[in-house]
Amino acid sequence: MLAANNRLTSRDQFARVTRSSIRSTTPTLVGYLAIEPTLSSPKIGFVVSRVVGGSVTRHRVQRQLRHASRDAMHILPQSSMVVVRATKKETDAHGEIPKLFSALSKKVGR
RNA sequence: AGAGUCGCCCGGAUCACCGCGUUAUCAGUGGAUUUAUUUCGACUGGUACCGAGGAAAGUCCGGACUCCAAUGGGCAAAGUUGUGGGUAAUUCCCACCCGGAGUAAUCCGCGGGAUUAGUGCAACAGAAAGCAGACCGCCAAUAGCAAUAUUGGUAAGGGUGAAACGGUGGUGUAAGAGACCACCAGUGCGCGAAGCAAUUCGUGUAGCUAUGUAAACCCAACUUGGAGCAAGACCAUGCAGGUAGCGUUUGAGUGUGCCCACACGAGUUACCGGGUAGGUUGCUCGAAUCUGUAAGUGAUUACAGAUCUAGAUGGAUGGUGAUCUCGCUAGCAAUAGCAAGACAGAAUCCGGCUUAUAGGGCGACUCUUCUU
């Protein structure tokens, strides 16, 4: 689980991140990243739509993503805001999240 | 032993590491405030307690709660519909009545009125489907050698249909017919008995005797103010007005749709344009849960004792691993796979209903067969 400080909590922040040009994809996930210089630790948000499944399935997927993100958060730059969008029902969260985050970090570095 | 009916309950357990949310408490950091380490809120870390369901679901009923300045009468509209009871209340629940299904336990019923209002509809088939009539028949008269034809009588028999003008037997007759008689069935009316009542039983009487449809209009009785926690309250932030209509005691508008009365009453409605869309509260102790006793056929009620049991807001209630005991799928098996595996995730809160549900447990009852 993510600490409250590491979550995206408003509509504005989500909108800004998803408009960002820094993007990456894995078979079941899409990641967006935006740099916010004032932050001291990353903020992460999730978008899990109806495509993924019913209410129970969506919650389940979102929790697995959050736990995986916590373990992989050290990969990200400190001042980044990230949105992860799930696109399919079957998700290997613990395998794909680290790959996604490192891919995003590389793009920032360029 | 087999087949079946009904009701109730459960919806994995234990452990390890890591993590999230509310509350309480301790420590620290920096801030505002004060005579005062006095008060307030913020952040970080530690500890403790608690942290999804039987349906949290559908949002179909009923309430609590909140606001609308929650007035009276009439009309309209909507809803309900056997009787009695239960409840805060109900389109819910219980008991009973009536009708239907089943050998039975039991189940099903959108169950007021079609004979004290009226209108309408009934496909196809059939002669005929509310009122008037007869296709094949049967009988009589007339005509004819005869086959048959015409006129009249008749509704027992045949055939159609979901439904056909009570049924059986007799008397009667040209042939027949409730035309008449006996028994039977139904309906209406009267009387008596049982029941709070729906209704039931008995008895007398009238020759009174086709049906369905009110999930057709309609009629009767009863009920009903509106909007909803995005209700509502407070704080913070921010802006810019313009045009047109109707009005200011000759009264716009509000008080649910229309009308009348009454009350309030100076703005209000539409369009164009602009601003904010952040926080606190409501927010969980309640028609509460569990246990026991008593009353009642039962729904339920009364009393006593014990308990405190989610409160999130981009939205916590979890992730990973192990063991036990289950389940499903595959396989001869060892075993392997599967979100522990079904349905499914609180959002103001309760009471119901409906729908979904892997697998399992308990109890009561009915029928059949066998044994003693």
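Quick caveat, the model's predicted, so the values are computed rather than measured. Order of the sequence lines fixes the chain letters, A, B, ..., with proteins taken first and strands second; residue numbering starts at 1 for each chain.
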Look through every strand shown and name the nucleotide pairing with B:C183 as Watson-Crick or G-U wobble, where both distances are under 3.5 Å. B:G167

Separation of B:U313 atom P from A:His59 atom NE2, nearest Å, is 13 Å

Reckon A:Arg66 has a side-chain N or O less than 4.0 Å from the OP1 or OP2 of B:A316? yes

When the C1' atoms of B:G63 and B:A3 are compared, how many Å lie between them, rounded to an integer? 47 Å

Can you list the residues that meet the side chain to side chain contact (heavy atoms under 4.5 Å, CB included) rule with A:Pro27, with sequence neighbours excluded? A:Glu96

Short N/O separations, protein against nucleotides 319-321 of chain B, under 3.5 angstrom:
{"from": "B:G319", "atom 1": "O4'", "to": "A:His67", "atom 2": "NE2", "distance (Å)": "3.3"}

Sub-3.5 Å donor-acceptor pair from the side chain of A:Asn6 to the main-chain atoms of A:Lys43, do we have one? no

Taking side chain to side chain donor-acceptor pair (under 3.5 Å) as the test, write out the residues that go with A:Ser24, two or more places apart. none

Side chain to side chain contact (heavy atoms under 4.5 Å, CB included) with A:Val56: which residues, sequence neighbours excluded? none

Side chain to side chain contact (heavy atoms under 4.5 Å, CB included) involving A:Ala72 - partner list, sequence neighbours excluded: A:Ile75, A:Ile97, A:Pro98, A:Phe101

Please give the distance between the C1' atoms of B:A358 and B:A344 as a whole number of Å. 13 Å

In whole angstrom, what separates A:Arg85's CZ from B:G314's P? 18 Å

d(CZ, A:Arg7; P, B:G318) in whole Å: 14 Å

Nearest-Å distance, CZ (A:Arg70) to P (B:G21)? 11 Å

